[in-house]
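The block underneath contains the structure these notes are about, expressed in structure tokens.
Order of the sequence lines fixes the chain letters, A, B, ..., with proteins taken first and strands second; residue numbering starts at 1 for each chain. Quick caveat: nothing in here was measured; it's all calculated off a predicted structure. Just so it is clear, the values below take in all heavy atoms, side chains as well, and ignore hydrogens, waters and symmetry mates.
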Amino acid sequence: MEQLFFILLALLTLSAALMVVTTRNLLHAAFWLILVFFGIAGFFILLHAEFLAVVQVLIYIGAISTLIIFAIMLTRRIMDPQQPRFNSQWGLVGGLAALLFVVLAAVTTRVAWPTTSATLPAEPIKQLGADFVGVYAVPFEVASVLLVVAMIGAIIIARERG
Amino acid sequence: MVPLTWYLVLAAALFAIGMFGVLARKNAVAVLMGVELMLNAVNINLLAFWRYTALGELVGHAFAVFVITVAAAEAAVGVALFIAVYRQRDTVNVEELDAMKG
Amino acid sequence: MQSQYLFIAIFAVVALALPAIGLAVAWALRPKKPNPIKNSTYECGMETIGETWVQFRAQYYLYALIFVVFDVEAAFIFPWAVAYNQLGLYALVEMILFVAILFGGLMYAWRKGALEWR
Amino acid sequence: MEYISNFFVNLGNSWTSLLSSFLPPWAVILINFIIVALLLVLMPVIATMTLTIMERKIIARIQNRIGPNRVGPWGIFQAIPDAIKLLTKEDIVPVNADKPLFNLAPLLIFLGAALLWAVIPFGRGVIGQDLNVGVLYLVAVGSISTIAIVMAGWSSNNKFALIGAFRIVAQLLSYEIPMVLAMASVVALVGTMKMGEIVELQSIPFLLILPVAFITYILAAAAETGRAPFDLVEADSEIVAGYFIEYSGLKFGWFYIAEYGNLLAVSAIAATLFLGGWRGPFADQAPVLGPLYFGIKTILIVFLLMWIRGTWPRFRIDQMLALAWKVLVPLGLFNLLWVATMIKLPLPVWLQWAFILAGNVLALLVTLTLMGQAAKRYAARRGMVGTRA
């Protein structure tokens, strides 16, 4: 049952991802990207990471894709259908990407990965919240600093001068 | 149950597609979308490894949340750069953006 | 846990099917007499001038930007809020610091006029 | 007696065991899921059928009119001819529209409105699924509507639609943050995101402890549903109709239904988080009362939102965005930290709650004073007349 869901989700996600990189119309590419994000949220559910699935929808679909759509709207001429999609080296790059996939897949299927007998904590979200201010206290604060620095930087860059 | 390698192969495929997008697309926003695909592939790997090798503690969760945070910051600054560059140069075609001084 | 999300998935399918069926029924019932005037873009009777994809002001982007930052922050605040009852005083201190940094960023945006609609 | 005290859960169990007697377990689960999904998916439609007539009557009374009065006694069946009309209207697709996206947008906006109902508790155990991430799920589902709005605005190939879409997206994004902060302060108080558990743990309605969070939530809810005084996207006297201007017939109908579905959903969420949901006198002994109390509380909030719509003047967009970012967000952050600080004090719970309430009231007074001063400065700078100096 789970395997069936995995295969369906994988087909959906990968074909949407292919559409993202090949569609001529950038706004369509952005909507395909949103479908990829949904598919990945589905994988997170299959992996018993429901919190991450919601965060994926909240941040990637709610926030990051909105930013990308705004970027497309704000840069007008990129809607031009006459412009080529790819640069001149796309054939080479395509071969390279295919090669990378073959190598990665070959390697990952050959390694005997260790497995765990541990069980999921009773309340993973509670555990995660405790970890954020416990084990990961420093990254937690750094994340806040990173976000604010990114915000300040982006405001300075994007502000309309004069 | 789905074996771990399925997830790893899936993530590898997604990563390769993302890399193709980053290296082959002309438009900077499309390049950014490729980067997002690659980051998502990484997150799948993080959580798959967490699920199959470290279920007891929430390392994979924490790392994935931090990756998402970095992705959000990157997208914010990246899009701001596109807007600024577009205003200056009237293009976001990465091949035309090779001159160091505007 | 996963059966709960199976429900959400089924619910989503049903919630997409209902409006689709409704539209199919409406398609069967309604008249179909298109003509060029009807199908033209509605701009209060004026002829459409220029491209629709007009350039937008960067102001929209600045709001989206600040929103993204606070949205990511929500992803940290909620697990913290769930765990908070069982944590010591350090959890409070760390969250105050976290929020103070973000608030500083908001203040900066405010000072720089990024929150003004112009 | 045992059966009665947990009536709905036991009823569900009886039904399940009846099915199990002749069906395999997976089929029982599937059938139950589909039945619940079919019931919940109708909520936005029911909301539209009832709330439109309620709203038209209330607004009419506020404006000293009678309102709909032709179809049925006091016009209560007005929604039926409206529905028939929408169903049989000709469907017009503008020439240069992006057809796949133009047709997908109404489906998506309905999806966003319907999915909210999956985690709303109608009574003890009467809930689609009590997800561990309940509250955050509600926020996440809201982003589907944002995507649908952008899709509708862009695919219509109409400048007004696109501008309307961007304006409402800026509004939705801005008001999502105060809403999230108000929800987070409730979560910090109870220590769970499960909607069902939040009700169980709400021994007194949180409205009495967290009035600031409640007010913030109501304002954010009005803005998120695009209602007056935050309805400048479809301010019909100023700009045509917002992002769905090119839609007609039932495609427009789904946008309309999603709007009222969202109105009822945000009211139900407010009733759950701040008014104690299905709790009330004797609801523990007679759970049948639970959904009744829940319904009454929800309708009270709907009425509040309609009252606001009928009486408040419309905000300008700069005022609206400033209210979100300069007033509600700092207030929400303060409120969250204040709640967190007070529940760490070594005091009995009722005293902690009293302190939280005191801080809330104080914060509200300070905010109103500061807003008043800012308004006076603004008026003085612009040299406005008719304002008290």
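Residue with the most contacts toward chain C among K326(D), M193(D), K251(D): K326(D) (heavy-atom pairs, distance under 4.5 Å). Put simply, of A118(D), G253(D), A170(D), the one with the most heavy-atom pairs under 4.5 Å next to chain C is A118(D). In terms of heavy-atom pairs under 4.5 angstrom with chain C, the leader among N103(D), L131(D), V190(D), D130(D) is L131(D). Between chain C and the options G128(D), G249(D), A322(D), heavy-atom pairs under 4.5 Å are most frequent for G128(D). With chain D as partner, the option from Y5(C), W110(C), F70(C), F103(C) having the largest number of non-hydrogen pairs under 4.5 angstrom is W110(C). Interface remark: of the candidates V119(D), L333(D), T192(D), L333(D) forms the most heavy-atom pairs closer than 4.5 Å to chain C. With chain C as partner, the option from A113(D), P106(D), S248(D), A188(D) having the largest number of non-hydrogen pairs under 4.5 angstrom is A188(D).
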Could you go through the side chain to side chain contact (heavy atoms under 4.5 Å, CB included) check for I96(C) and V93(C) one step at a time? CA-CA 5 Å; I96(C) 289 178; V93(C) 176; 5.8 Å; no
Start with the C-alpha gap between L173(D) and Y63(C), add the side-chain angles, then the distance that decides, and say whether side chain to side chain contact (heavy atoms under 4.5 Å, CB included) holds. CA-CA 8 Å; L173(D) 298 186; Y63(C) 283 107; 5.8 Å; no
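Both the backbone and the side chain of I66(C) come within less than 4.5 Å of a heavy atom in chain D. Heavy atoms of L250(D) lying under 4.5 Å from chain C belong to its backbone as well as its side chain. Heavy atoms closer than 4.5 Å to chain C are found in the side chain of E176(D), but not in its backbone. Neither the backbone nor the side chain of P44(D) has a heavy atom closer than 4.5 Å to any heavy atom of chain C. Interface residue L92(C): only side-chain heavy atoms are found under 4.5 Å from chain D. Only the side chain of L106(C) comes within contact range of chain D, judged by heavy atoms closer than 4.5 Å. When heavy atoms are compared at a cutoff of 4.5 Å, W254(D) approaches chain C solely by way of its side chain, counted from C-beta outward. For a residue to count as touching a neighbouring chain, one of its non-hydrogen atoms must lie under 4.5 Å from one of that chain's; by this rule V329(D) touches chain C with the side chain only.
Remark: F102(D) pairs with Y247(D) by the ring pair (Phe, Tyr, Trp, His ring centres under 6.0 Å) rule, at least two apart or across chains. Applying the salt bridge (charged side-chain N to carboxylate O under 4.0 Å, His left out) rule to K89(D) yields no partners; only residues at least two apart in sequence or on another chain are considered.
Proximity to chain D at a heavy-atom threshold of 4.5 Å picks out A74(C), I77(C), F78(C), W80(C), A81(C), V82(C), Y84(C), N85(C) from residues 74-86 of chain C, in numerical order. Among residues 22-29 of chain C, the residues having any heavy atom closer than 4.5 Å to a heavy atom of chain D are, in sequence order, G22(C), L23(C), V25(C), A26(C), L29(C).
Nearest heavy atom pair, residue A37(D) against residue F11(C), reads O-CE1, 3.7 Å. The minimum heavy-atom distance linking A182(D) with A213(D) is given by the pair CB-O, 3.5 Å. Counting all heavy atoms, side chain and backbone alike, F110(D) lies closest to A15(C) at CD2-O, 3.1 Å. In terms of heavy-atom proximity, A324(D) sits nearest to S174(D) at CB-O, 3.8 Å. When all heavy atoms of I257(D) and T48(D) are compared, the pair lying nearest together is CA-OG1, 3.3 Å. Contact record, N335(D) with S185(D): ND2-OG, 4.0 Å, taken as the closest heavy-atom pair.
Side-chain atoms of Y60(C) do not come within 3.5 Å of backbone N or O of V169(D) as any donor-acceptor pair.
Between L18(C) and I21(C), every side-chain heavy-atom pair lies at or beyond the 4.5 Å cut-off.
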